Amino acid sequence: MEMSRFPKTLLKPYEQSLKALLSLLNRYSSSPRALLQLHAMILKSHLSHHPFLLTRLAHAYLSCNSLSRPTRILFNFPKRAPLFLWNETIKAHARNGRFRDSIGLYDAMLAGGATPNEFTFTFVFPACAAARALSDGRRIHEHAVRFRCLSNVFVATAAVDMYGKCGEVGLARQVFDGMPQRGIASYNAMLAGYVSSGKCEEAISLFDQMQKSGLQYDATTMVSMLQACASLGALHKGRWVHEQIVSSQMEINVHLGAALVNMYARCGCIEESRSVFNEMPRRDLISWTAIICGYGMHGLPEDAELLFNQMVHCGVMPDSITFVGVLSGFSHKGMVNKGREYFKKMTDEYHIKPTLEHYSCMVDMLGRAGRLEEAEAFIRTMLVDPDAGVWGGLLNACKIYGNVKLGERVVEEILRLDPCNAGWYVLMSNIYATARLWDGVAKMRLLMKERKVSKPPGWSSIEINGQRHVFLVFDHSHPRSEEIYRLLKYLEERIRAAGYVAETKCVLVNLDEEAKEDMLCGHSERLAIAFGILSTKEGEVLRVIKNLRVCVDCHAATKFISKIVGREIIVRDANRFHHFRDGVCSCGDFW
DNA sequence: ATAGGGTTAG
């Protein structure tokens with residue numbers, strides 16, 4: 001190799017001219033070993049303080065992701081180091097995951113009296129974004145304004161991205177709106193920000209604006225759009241996005257493929273999700289994980305397991321998230337032995353350290369199978385401290401099996417860890433209410449009042465002709481509200497005649513039975529289902545999205561409704577999918 | 001003589 005002859009060449013004195021050293025730097029800039037030798041050579045030569053040569057040397061180190069030597073060169077620079085070198089050092093630290101150091105270098109640069117330029121900000125903002133360093137980001141944003149750099153598209157886009165990643169979509173939007181011009185990347189940064197903070201409707205309307213502005217979209221844009229549709233359960237829009245991707249002849253890369261698989265699965269169409277997966281030109285870990293999680297969500301763990309084995313057979317190694325998909329699938333169907341088998345496989349065979357999510361799945365699985373002591377024992381074996389989510393699985397099991405005593409012990413644990421989440425208070429209330437312990441219900445309600453936590457409003461949505469309709473509990477705001485309640489009343493009579501009995505223990509307050517039954521009828525998913533029946537043709541599938549878990553009574557009622565009206569009703573709740581058809585649910589009443 | 005934003009997916 002040429003590399004081995006390198007030291008000899010260097011030793012020749014005539015090579016030590018600036019021109020020769022520069023050309024050597026050029027030639028060996030990607031070989032860290034050669035750089036070290038060149039570095040030693042330069043230090044011994046009469047050019048040891050030559051600014052340009054030092055800059056090139058440091059830059060060569062940086063492009064090999066070597067950080068400490070160039071940083072030393074930077075700090076020991078004869079007189080003031082060039083802005084270029086500061087910028088490149090800031091960039092290299094950010095690229096190598098040293099975000100705090102990157103920000104520190106920026107500050108050191110300012111402290112040394114240098115003036116940052118547009119390049120500086122395009123390197124330091126991503127560091128703030130990755131470190132989720134909002135206060136640094138805000139401070140540096142002010143600098144960008146002061147140094148008149150924010151009018152630059154690159155700088156402003158990086159600032160939008162930074163605010164978006166820090167969860168400050170409002171600030172991101174302010175920067176976005178103040179931009180003199182925007183590129184595709186500017187829109188993409190803003191869209192990703194909206195999607196990651198759950199503001200998916202804003203993302204969709206921004207996309208419409210992007211279309212109007214005449215700007216083309218790219219694959220990144222479409223991935224964000226698909227995520228937005230997945231999260232909203234907006235199947236119609238998701239299909240439209242898919243069509244745009246196809247008709248614009250965009251290549252379905254692994255990112256788009258996984259996003260499509262996920263969108264169809266999360267919109268209730270597991271078969272379409274599967275056909276996208278089957279037709280993908282290339283599959284990676286994330287594509288496999290997407291479809292495995294899809295089957296898990298839909299309560300089809302056997303298919304998930306089959307795919308898991310196919311994936312391994314194809315030489316793709318599963319990761320932590322793949323196992324979350326598999327385990328949650330088993331948990332949804334109460335397949336305790338399989339769950340245990342895969343938990344063991346994960347740790348022993350794949351050496352993946354279980355995370356809180358895996359523990360939650362296992363506790364949930366054991367708990368819902370009625371093995372409450374085992375679930376608690378399992379929590380005690382955990383290598384990490386359980387969080388509220390893990391204990392929550394056990395609390396939920398206490399609700400299902402009416403175990404007030406254990407519930408009280410567990411909720412104490414939970415509220416110590418997560419006192420602001422109203423869900424736990426409600427769940428414990430539910431346990432008390434089921435046992436008709438109204439004092440307990442009152443106690444939980446008082447606690448909530450004292451701590452000023454409020455229950456997140458339950459909502460359900462349904463898409464009709466591409467339009468999303470959202471219903472809250474006892475919602476009367478819909479223009480067809482009257483018809484909806486009339487239909488519900490009618491359905492109520494019909495399902496009663498078919499054998500439905502209201503599960504009034506779902507109602508958390510102490511009322512007489514009739515009042516409780518009325519309360520159940522106003523649950524948001526019933527309103528959405530009724531509206532769906534009113535607004536679609538006979539035989540059409542209804543797809544409902546809910547933010548909370550479906551309650552026992554609505555679950556029972558929906559089974560009857562599916563039979564009476566001859567409709568397939570697919571409900572996505574906070575946890576999983578329920579497919580109601582001809583009086584039965586795919587979950588087999590186990591959820 | 002040197003340098004740039006959005007990597008988005010499970």
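Order of the sequence lines sets the chain letters (A, B, ...), proteins ahead of strands, with each chain counted from 1. All values derive from a computational prediction rather than experimental measurement.
- When each of B/dG10, B/dT2, B/dG5 is scored by its nearest atom to the side-chain atoms of A/Ala158, the top-ranked nucleotide is B/dG5.
- Proximity of A/Lys91 to the phosphate of B/dG5: no side-chain N or O atom is located under 4.0 Å from OP1 or OP2.
- Residue contacts for A/Ile184: at a heavy-atom cut-off of 4.0 Å it reaches a base atom on one of the strands shown.
- Residues A/Cys361 and A/Ser331 share a closest heavy-atom pair of O-CB, 3.8 Å.
- One cannot find a donor-acceptor pair under 3.5 Å joining the base of B/dG5 and the side-chain atoms of A/Thr122.
- The aromatic rings of A/His143 and A/Tyr106 lie parallel to each other, their planes meeting at an angle below 30°, with 60° marking the opposite boundary.
- Following rounding to the nearest Å, A/Glu118 (CD) and B/dG4 (P) show an atom-to-atom distance of 14 Å.
- With distances taken from any side-chain atom of A/Asp161 to the nucleotides B/dG10, B/dA3, B/dT7, the minimum falls on B/dT7.
- Contact annotation for A/Asn253: no contact, since no heavy-atom pair falls under 4.0 Å across all strands.
- Looking at heavy-atom distances under 4.0 Å, A/Leu285 makes contact with a base.
- B/dA1 atom P lies 17 Å from atom CG of A/Leu54, rounded to whole Å.
- In this model, no donor atom of one side chain and acceptor atom of the other lie less than 3.5 Å apart for A/Gln174 and A/Tyr163.
- Across all strands, A/Phe52 comes closer than 4.0 Å to base atoms (heavy-atom distances).
- A/Tyr106 places its OH atom 22 Å from the P atom of B/dA3, with the value rounded to the nearest Å.
- Atom C1' of nucleotide B/dG6 and atom OH of A/Tyr194 are separated by 16 Å, given to the nearest angstrom.
- A/Asp208 meets the side-chain hydrogen bond (donor to acceptor under 3.5 Å, both in side chains) test with no other residue; sequence neighbours excluded.
- Across all strands shown, A/Arg95 has heavy atoms under 4.0 Å from sugar-phosphate atoms exclusively, and none from any base.
- Salt bridge annotation for A/Lys91-A/Glu88: present, with a cationic side-chain nitrogen under 4.0 angstrom from a carboxylate oxygen.
- Nucleic acid contact for A/Ala185: base, since at least one base atom lies under 4.0 Å from a heavy atom of the residue.
- Among the nucleotides B/dG10, B/dT7, B/dG4, the one closest to any side-chain atom of A/Ile321 is B/dG10.
- No hydrogens or angles considered: nothing links the side chains of A/Ser23 and A/Asn26 as a donor-acceptor pair under 3.5 Å.
- Using a 4.0 Å heavy-atom distance criterion, A/Asn117 is classed as a base contact.
- Taking atom CZ of A/Phe84 as the reference point, atom C1' of B/dG4 lies 12 Å away to the nearest angstrom.
- Contact annotation for A/Ser186: base contact, defined as any heavy-atom pair under 4.0 Å involving a base atom.
- Put simply, CZ on A/Phe154 is 9 Å from P on B/dG4, counting in whole angstrom units.
- The side chain of A/Asn87 contributes no N or O atom lying less than 4.0 Å from OP1 or OP2 of B/dA3.
- Rounded to whole Å, the distance from CG on A/Leu53 to P on B/dT2 is 15 Å.
- In the set B/dG4, B/dG10, B/dA3, B/dG4 carries the atom at the smallest distance from any side-chain atom of A/Asn152.
- Between A/Phe121 atom CZ and B/dG4 atom C1' the separation is 13 Å, expressed in whole Å.
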